[in-house]
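Counting from 1, the numbers follow the sequence of the chain as shown. In listed order, ligands and their atoms are each counted from 1.
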Amino acid sequence: MMNEVFEIEGGQKLGGEIEVRGSKNGALAILAATLLTSEPCVIKNVPLVSDVLAMLEILKGYGAEVEWLDERTVKIQAKDLKIEPSDLKLTRKIRASILVAGPVLARRGELKIGKPGGCQIGVRGLDAHFEGFGDLGVTAEKAEENSREVYYLTAPKNFQPATVVLKEFSVTATENLMTLLAGLEGRGEIHLAALEPHIQELGEFLKKMGAEVSGLGTHTLKIAGRKNLKGAEHTIWPDYIEAGTFFSLAASTKSNLKVKNVPVEYLEMVFRNLKKMGVSYRIGEQEAVISGADSNLSGAKIQTLPYPGFPTDLQAPFSVLGTQAQGTTLIFDTLFEGRFRYSEELNQMGANITICDPHRLLISGPTLLYGTNVKSADLRAGATLIIAALTASGKSTLSGAGEIDRGYERIEERLQKIGASIKRVVAE
Ligand code: EPU
């Protein structure tokens, strides 16, 4: 794989408008759900990020036909759904590959899948998925093939919906159980369901396919599924995590920025934390204007929680704000225990951050950041380092651009348009 790096010249004020693209995690769940029907589905506003492109390859691997109708509209039809992918390696690219399990089990009653890959951000087993499937009688067997872990999932003879109690508010496990129940004839429930915006979005999509879904936005979902779901059309909702990333970018670089296509209704806690940290902003209809130049940043406690709490995916981007704020910022990520690796990179840039334990980080601010060579450990860490490099004075080289491409579409081109000095180069 080509080693691409971003070269970033920091310290300049950004300005103008930037538009939020479709939700990565929404797209991943909905694309996988298209496997539930043999009819064509048309999905619009697909973000062109590598995780989503990898998902399309996985769908093809299970027999789906994938056709791009325009730049961001894709038609998917899984007439002949296979129970094992053409290449087990495909699923290693992204953790969300496990999302094909629900639809394939619903239609075929069995499935073979390679161990999913994804960001290295903590202990993330698949227990919530497998235990949830287990409540419906599905058995999971682990095996090794060509030194790779492979799972065989098998439904019971009399495969029927029932009540599933998840072990925690797991986002992708909720999605997998939703698609599975939507594709089985009869009524089932999911208790302790997660309720992130992309779960609500998936629920809306399943309704368009002909399932009855109630309780969206709560921890108890009731689903009346059908064997013959129809093809459906859907436009992916805007990405609330990308919106939040741009808010931190504007405030950290003390820039005034209009962020367009913002799902404001899903960002309550994010706005609340911006306010706590002294960021001036104005919320409009599907947009937000961040007045970084007029903000008086102060440290605060940021605690991540399952939705509607502050999203774990935004704690890293908000840490840069902490480095620019007066006083102490405590970041308490209650969910993941491996998501602070970016802090060493920020310290190399001049930040004053202490990892207290795997879940808590203390930032003393304000500190001047200066450009240097850094590497992104995962997707959100990568976005964080871009924000830091644009906040810093001098030049930074950020390696691991591919990590950022997993979730932010052509980020350098979009940042250039708001005045950022950032370019992608192939490292020697
Ligand atoms: N967790 C708890 N308590 C809970 C719920 C979860 O401690 O009540 C812990 C889990 O033990 C786990 C972590 O939180 O360590 C995440 O759990 P979850 O199963 O919800 O994560 P996921 O479904 O694997 C999705 C997103 C992630 C996002 C998490 C949390 C997709 C494809 N992935 O992952 O997205 O961080 O939910 O919101 O939807 C990203 O976009 O960068 C990303 C990693």
Note: Thr172, heavy atoms under 4.0 Å from ligand 1, region reported as both
For ligand 1, note which part of Arg339 has a heavy atom under 4.0 Å away: side chain, backbone, both or neither. side chain
Can you list the ligand 1 atoms lying under 4.0 Å from a non-hydrogen atom of Thr312? 30 (C), 36 (O), 38 (O)
N or O contact, Val171 vs ligand 1, cut-off under 3.5 Å: yes
Partners passing salt bridge (charged side-chain N to carboxylate O under 4.0 Å, His left out) against Glu413 (at least two apart in sequence or in another chain): none
Purely on distance, is any nitrogen or oxygen of Lys24 under 3.5 Å from one on ligand 1? yes
Holding to side-chain hydrogen bond (donor to acceptor under 3.5 Å, both in side chains), I want the full list of residues that pass it with Asp51, two or more places apart in sequence or in another chain. Arg406
Could you verify whether a donor N or O on one side chain and an acceptor N or O on the other, from Gln315 and Tyr342, lie under 3.5 Å apart? yes
Would you say the ring centers of Phe271 and Phe247 fall short of 6.0 Å from each other? yes
With atom 4 (C) of ligand 1 as the reference point, say which of His129, Glu168, His359, Glu403 has the nearest heavy atom. Glu168
Which part of Leu379 is near ligand 1, with near meaning a heavy atom under 4.0 Å away: side chain, backbone, both or neither? side chain
Does ligand 1 have a heavy atom under 4.0 Å from the side chain of Arg95, from its backbone, from both, or from neither? side chain
Within 6.0 angstrom of Asp357 CG, more than 12 heavy atoms from elsewhere: yes
Is it true that the side chains of Thr312 and Asp333 contain a donor and an acceptor less than 3.5 Å apart? yes
